[in-house]
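Everything below concerns the one structure shown next.
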Amino acid sequence: MADKPKKIHRFQIGLNVVVQVTLLIILAAMVNYLGFEHYRRWDFSRDQKYSLSDKTKRMLDSLKGKLRITVFFSPNTPITNDVQSLLTEYQYAAKGKIDVEHIDPERNFSRAKELFDKYKVVTDESMLVLDYEGRSKTVKASEMAEVDQTGMAMGEGPRVTAFKGEQAISSAIIDLTEGKKNIIGYVLGHKEPAIAESTPSPMAEQQAPASPISVLKTFIENENIKLQELNLFNVDAIPTDMKTIMIIGPQYDFSDREMQLVRDFWNKQGRILLLLDPSAKTPKLDGFLAELGVRVNDDRLMAMVRTGIEEVARVRDVVGRFLPDSPITKRLGDVRAPFLGGTCSLTVEPPREQSAGVQVQPLVQAEKGYWGEVDYNSDDPAKLQFEQNRDHAAPLTMAVSIEKGGSGDERVRMNSSRMVVVSNALFVQDQALTQDQQALDFVSGSINWLMSREQMIGIAPKVPKTLTFTLDQTGLRNLRWIVLLLIPLVPALIGSAVWWKRRA
């Protein structure tokens with residue numbers, strides 16, 4: 001006799017359904033909570049357009065108060081979407097320290113007027129207003145992008161050629177958090193590159209050449225720094241508001257009086273960025289470095305590289321490698337940076353007795369394969385070969401940091417004298433910086449270390465570049481065949497295959 005089927009009560013069925021629905025709701029809530037509170041963002045754009053730099057992230061981590069950003073952008077502004085996406089990245093990286101309010105001045109006129117009166121805004125241009133602890137700063141749309149408007153005469157809209165929103169916004173945040181601008185004295189009087197922008201004269205037949213370090217100047221000033229010209233002939237002492245000075249590629253040696261001013265500045269916890277030009281004869285400046293334990297060698301770095309199967313060429317342009325042991329370079333990663341030709345080697349030696357307590361640390365070394373050639377002025381190829389007991393062998397140091405009175409621990413702040421010495425001054429000029437950005441990262445890290453802003457050391461925002469490409473005759477011919485033959489042929493083959501299948 002078959003057993004009777006077990007009776008299931010309606011109450012049990014209902015209870016099971018309720019429990020299952022409750023569990024599903026709890027599970028969905030948990031997934032949504034984890035998704036909102038613990039998530040990651042990735043930037044898959046071609047040039048990592050919206051990814052924030054390491055320096056910006058470290059700067060946002062150091063924010064102590066709340067930053068409020070008000071966006072006054074019209075929908076027809078070409079970079080509206082770019083700015084919104086970038087601000088989302090800022091909010092994500094700041095971890096709740098940034099509030100963003102979007103206001104369309106054309107639709108919310110009363111709210112816009114209220115904030116315009118509060119922040120004393122007198123322009124109709126789209127912009128951001130940053131407010132931090134009662135201090136405010138505006139960032140205009142024209143400062144965040146380079147726009148090509150030449151096509152508007154043909155009925156086309158404006159075209160964004162370079163988006164530099166991160167540089168503009170991060171610069172404004174640094175200005176607000178630090179308040180007063182830091183001043184760096186730019187030493188002149190020895191035929192160093194000029195930093196002043198040339199002003200066209202109506203009486204002159206041609207305009208004076210622009211500053212060869214304009215990119216570097218703009219990059220430095222975006223970090224709440226003001227470069228101020230300093231001629232040591234005209235002062236009795238380096239001004240007290242200049243805690244740091246820059247000496248870039250002097251072509252003539254310093255006088256005894258100038259060297260005394262530099263020594264006094266160094267002994268009073270001064271900070272110096274010194275980029276040498278090895279082709280210039282500066283024995284007094286070299287002697288000062290020798291006292292601190294850095295000898296400037298009379299050589300030139302070069303290497304033999306293979307250019308073909310059996311072809312070998314001698315190159316004088318140097319590829320340097322950042323060493324990871326210094327606070328200046330350890331956050332730049334194990335990358336290679338191009339330096340132009342005319343680089344000599346530096347030798348670290350024990351400092352002299354009057355410079356006790358000085359610590360010298362290599363920052364950049366030449367890649368393997370380079371040597372320091374002593375007969376660099378010779379035209380004889382036989383002499384331009386490495387000689388074991390005459391030329392300088394690897395490792396070849398190209399840049400060093402010098403500190404007197406420091407602790408060696410980044411967490412401990414002490415008043416100390418600091419200096420960065422590089423045996424090449426050409427790598428910071430515009431024609432070199434437009435090729436690669438590692439040099440900017442290195443110089444920025446050096447300056448921030450000199451100014452005791454270790455939290456600002458890191459990979460800087462990318463310099464905006466216009467995407468361009470060129471085709472030679474072979475490339476143009478291949479492109480023509482692709483457009484005229486290959487592209488029409490693909491759908492023709494697919495259509496023929498479909499027709500044949502249906503016919504069969």
Side-chain angles (χ1 to χ4, degrees), residues 184-195 212-213 216 230 232 244-255 258-259 261-263 265-266 270-302 316-320 322 326 328-329 337-349 351 355 358 360-366 370 372-374 376-377 392 395-403 417-429 432-433 439 442-443 445-447 449-450:
I184 292 182
Y186 184 82
V187 176
L188 292 173
H190 316 88
K191 206 175 179 180
E192 295 89 351
I195 59 171
I213 57 171
L216 177 64
L230 173 64
L232 298 179
T244 307
I245 63 174
M246 292 176 58
I247 306 174
I248 298 183
Q251 300 300 298
Y252 307 120
D253 202 8
F254 283 46
S255 66
E258 289 178 301
M259 286 308 310
L261 293 179
V262 173
R263 282 187 171 89
F265 178 73
W266 167 259
R271 311 296 175 90
I272 304 173
L273 175 64
L274 174 57
L275 309 185
L276 297 170
D277 184 349
S279 63
K281 302 300 181 182
T282 55
K284 295 177 182 177
L285 199 58
D286 295 347
F288 172 58
L289 295 177
E291 295 174 7
L292 302 177
V294 178
R295 187 179 77 234
V296 181
N297 296 317
D298 186 17
D299 61 7
R300 296 295 184 273
L301 303 189
M302 57 183 64
R316 295 176 182 258
D317 289 345
V318 186
V319 177
F322 296 140
S326 168
I328 299 175
T329 53
F339 290 78
L340 299 182
T343 303
C344 69
S345 63
L346 304 174
T347 300
V348 178
E349 299 177 329
S355 299
V358 172
V360 182
Q361 187 172 23
L363 299 177
V364 184
Q365 288 182 346
Y370 286 89
E373 178 59 56
V374 175
Y376 55 88
N377 284 326
H392 300 127
L396 298 167
T397 300
M398 305 163 55
V400 298
S401 64
I402 309 173
E403 185 171 18
S417 303
R418 290 183 175 183
M419 185 187 308
V420 173
V421 182
V422 187
S423 62
N424 185 302
L426 296 178
F427 76 102
V428 296
Q429 296 196 8
L433 292 181
F442 172 65
V443 174
S446 299
I447 291 176
W449 178 76
L450 290 172

For a side-chain contact (heavy atoms from CB on, under 4.5 Å) check, start with the C-alpha distance between Thr244 and Ile447, then their side-chain angles and the critical distance, and finish with the verdict. CA-CA 8 Å; Thr244 307; Ile447 291 176; 5.7 Å; no
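- Between Cys344 and the choices Val296, Asp298, Leu301, the side-chain contact (heavy atoms from CB on, under 4.5 Å) rule is met once, by Val296.
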Please report the C-alpha distance between Thr343 and Phe427 in whole Å, then the side-chain angles of each, then the deciding distance to 0.1 Å, and finally whether the side-chain contact (heavy atoms from CB on, under 4.5 Å) criterion is met. CA-CA 10 Å; Thr343 303; Phe427 76 102; over 6 Å; no
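- The main-chain N or O of Ser345 is found under 3.5 Å from a side-chain atom of Asp299 such that the two form a donor-acceptor pair.
- Aromatic ring orientation, Phe288 versus Trp266: perpendicular (interplanar angle above 60°, classes split at 30° and 60°).
- In this structure a side-chain-to-backbone donor-acceptor pair under 3.5 Å is present from Asp253 to Lys284.
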List the steps, then state whether side-chain contact (heavy atoms from CB on, under 4.5 Å) holds for Val422 with Met398. CA-CA 6 Å; Val422 187; Met398 305 163 55; 5.6 Å; no
side-chain contact (heavy atoms from CB on, under 4.5 Å), that's the test. Do Leu289 and Leu346 meet it? Break it down for me. CA-CA 10 Å; Leu289 295 177; Leu346 304 174; over 6 Å; no
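- Between the side chain of Ser401 and the backbone N or O of Val420 there is no donor-acceptor pair closer than 3.5 Å.
- Residues Leu232 and Val262 are in side-chain contact: their nearest non-hydrogen atoms beyond the backbone lie under 4.5 Å apart.
- Closest heavy-atom contact between Pro362 and Val348: CG-CG2, 4.5 Å.
- Within the 4.5 Å cutoff, side-chain heavy atoms of Leu216 are placed close to those of Ile248.
- A donor-acceptor pair under 3.5 Å is absent between the side-chain atoms of Arg300 and the main chain of Arg316, judged by distance alone.
- Put simply, the side chain of Leu292 does not reach to within 4.5 Å of the side chain of Val360, judged on heavy atoms.
- Between Phe442 and Phe322, the ring planes are parallel. Angles under 30° get that label, and only those over 60° would be called perpendicular.
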